[in-house]
Amino acid sequence: MTVFTWPDFSPVLFSIGPFAVHYYALAYITGLLLGWALARKLVRMAPIAATHEQVDDFLTWAVLGVLVGGRLGYVIFYQSHFESWGHMLTHPIDIIAVWRGGMASHGGFIGVTIAIIWFSLKNKLDMFTFGDRVAVCVPIGLFLGRIANFINGELWGRVADAGSKFPVLMIYPQSGTMLPRYPSELIEAATEGLILFIVMISAAQSDRLRARPGFLAGLFLVLYGVARIFSECFREPDSFLGFLPFHTTMGQILSVPVMIGGAYLIWRSGRERSA
C-alpha cells in the first residue's frame, strides 16, 4: 500500500488578466467535443441514426442539457434542505451559477435525455437509436469530470479502514485531517469513465446489439448505476447531507431509478427486436 499527499493543484490552468481557464470547465468542453467527434462516427453505423449535420446541431442541445440539468439536479437533489432553499429564493441567480461549482451527473442525465427526446421528435429521428449512440459517448465526459474533481481536491474519499489493502491511499489536508483516504475521484474516473467506456465502445461494435434500439442506452444506465453505487462506497458523503438511511448516500439512492430505467430499455429493446 502506498500513501500520497494530494499535490495541492491549482484549479486554474492559466489566466490572462481577469480571464481564467478552470480545469473543471475544460473537462466539460473537452468531453463534449470528444463525444461529438465520436458520435459523428457512431451515427453512420447501421442502422443509421442521424446525419453528421444533425449531430452537429445536437451538440448545442447536449451542452444545454448537461449544464442546465446538471446544475438544477445539484440544487434539487443535493441542496434541497430548508436553509438552501431559503438562500435560493433570496438569491435566485445562484440556481444557475454553474461557474461556482456544484453539478450533479444524475441531473445531467435527465437534461440530456430530455434533449435527446426533444431533438429526435423535432428531427423525426428514432429517439432510441439516436440515444444509443449518444450513450456510448457519455463515459468520456464522466472520466474527464472526475479527473477535474481530483485536480480541484473535492469529493475526496472516506478515511481508509484500518489494515486496508487498497493499493493507493491519499491524504487530503483540506479535509481537516491527515488520515489516509480512498482516492474516490480516481476510483470513479476508472469505473464510471474508463471501464464503462471500454464496455460501451465494444458493445457498439456489435451489429446485433445496435439493431436493438435502446439496448446500448439501457446498458449504459445499468452499468453506470452499478459503478456509481460501488464507487460511492469509497466516497465521503457531502457534509451537509451525510449518510442516508441504511448507511447509503444520495448518489447511491439516485442510481437505483437509473438502473431500473436502464433495465426497462434493455427489456424493451428485446421485445422490439423480436417483433
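Note: hydrogens, waters and symmetry copies are ignored here, and every other heavy atom, side chains too, is used. Positions are given from 1 along the sequence.
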Q: Run Q252 and V256 through side-chain contact (heavy atoms from CB on, under 4.5 Å) and show every step you take.
A: CA-CA 7 Å; Q252 291 174 324; V256 173; over 6 Å; no
Q: Looking only at non-hydrogen atoms, find the nearest pair between E236 and R158 and report the distance.
A: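 For E236 versus R158, the nearest heavy atoms are OE1-CA, 3.5 Å.
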Q: Salt bridge check: are R40 and D56 linked by an N-O gap of less than 4.0 Å?
A: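 Answer for the salt bridge query: yes.
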Q: Run the ring-ring contact (aromatic ring centres under 6.0 Å, His included) check on F130 and F58 step by step: do they pass?
A: CA-CA 11 Å; F130 185 64; F58 180 71; 5.1 Å; yes
Q: Quick one: closest heavy-atom pair of L221 and G262, and the distance?
A: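 For L221 and G262, the tightest heavy-atom pair comes out as CB-CA, 3.7 Å.
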Q: Looking only at side chains, do S184 and R235 share a donor and an acceptor under 3.5 Å apart?
A: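 Per modelled atom types, S184 and R235 side chains form no pair under 3.5 Å.
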Q: Centroid separation under 6.0 Å, is that true for the rings of F197 and F143?
A: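 Centroid separation for F143 and F197: 6.0 Å or greater.
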Q: Would you say the side-chain atoms of R133 pair up with the backbone N or O of A39, donor to acceptor, closer than 3.5 Å?
A: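 No; zero donor-acceptor contacts below 3.5 Å.
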Q: Does some side-chain heavy atom of F4 sit less than 4.5 Å from a side-chain heavy atom of I171?
A: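 Result no, sub-4.5 Å side-chain heavy-atom pair not found.
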Q: Measure the acute angle between the ring planes of Y224 and H106, then classify it against the limits of 30° and 60° as parallel, tilted or perpendicular.
A: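 Plane angle over 60°, so perpendicular.
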Q: Could you tell me which non-hydrogen atom of M170 sits nearest to which non-hydrogen atom of T5, and how far apart they are?
A: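 Reported closest heavy-atom pair: SD-C, 3.8 Å.
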Q: What closest approach, in Å, do G225 and M259 show between heavy atoms, and which atom pair accounts for it?
A: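 The answer is CA-CG, 3.5 Å.
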Q: Distance alone, cut at 3.5 Å: any donor-acceptor contact between the side chains of W156 and N149?
A: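 Result is no, nothing qualifies.
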Q: Looking only at non-hydrogen atoms, find the nearest pair between A135 and A217 and report the distance.
A: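 Where A135 meets A217 most closely, the heavy atoms are CB-CA, 3.8 Å.
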Q: Any idea which heavy atoms bring A189 and I147 closest together, and the distance?
A: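 Looking at all heavy atoms of both residues, the shortest contact is CB-CD1, 4.0 Å.
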Q: Is there a donor-acceptor contact under 3.5 Å linking the side chains of R146 and S231?
A: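 Their side chains do not contain a donor-acceptor pair, so the 3.5 Å distance test is not met.
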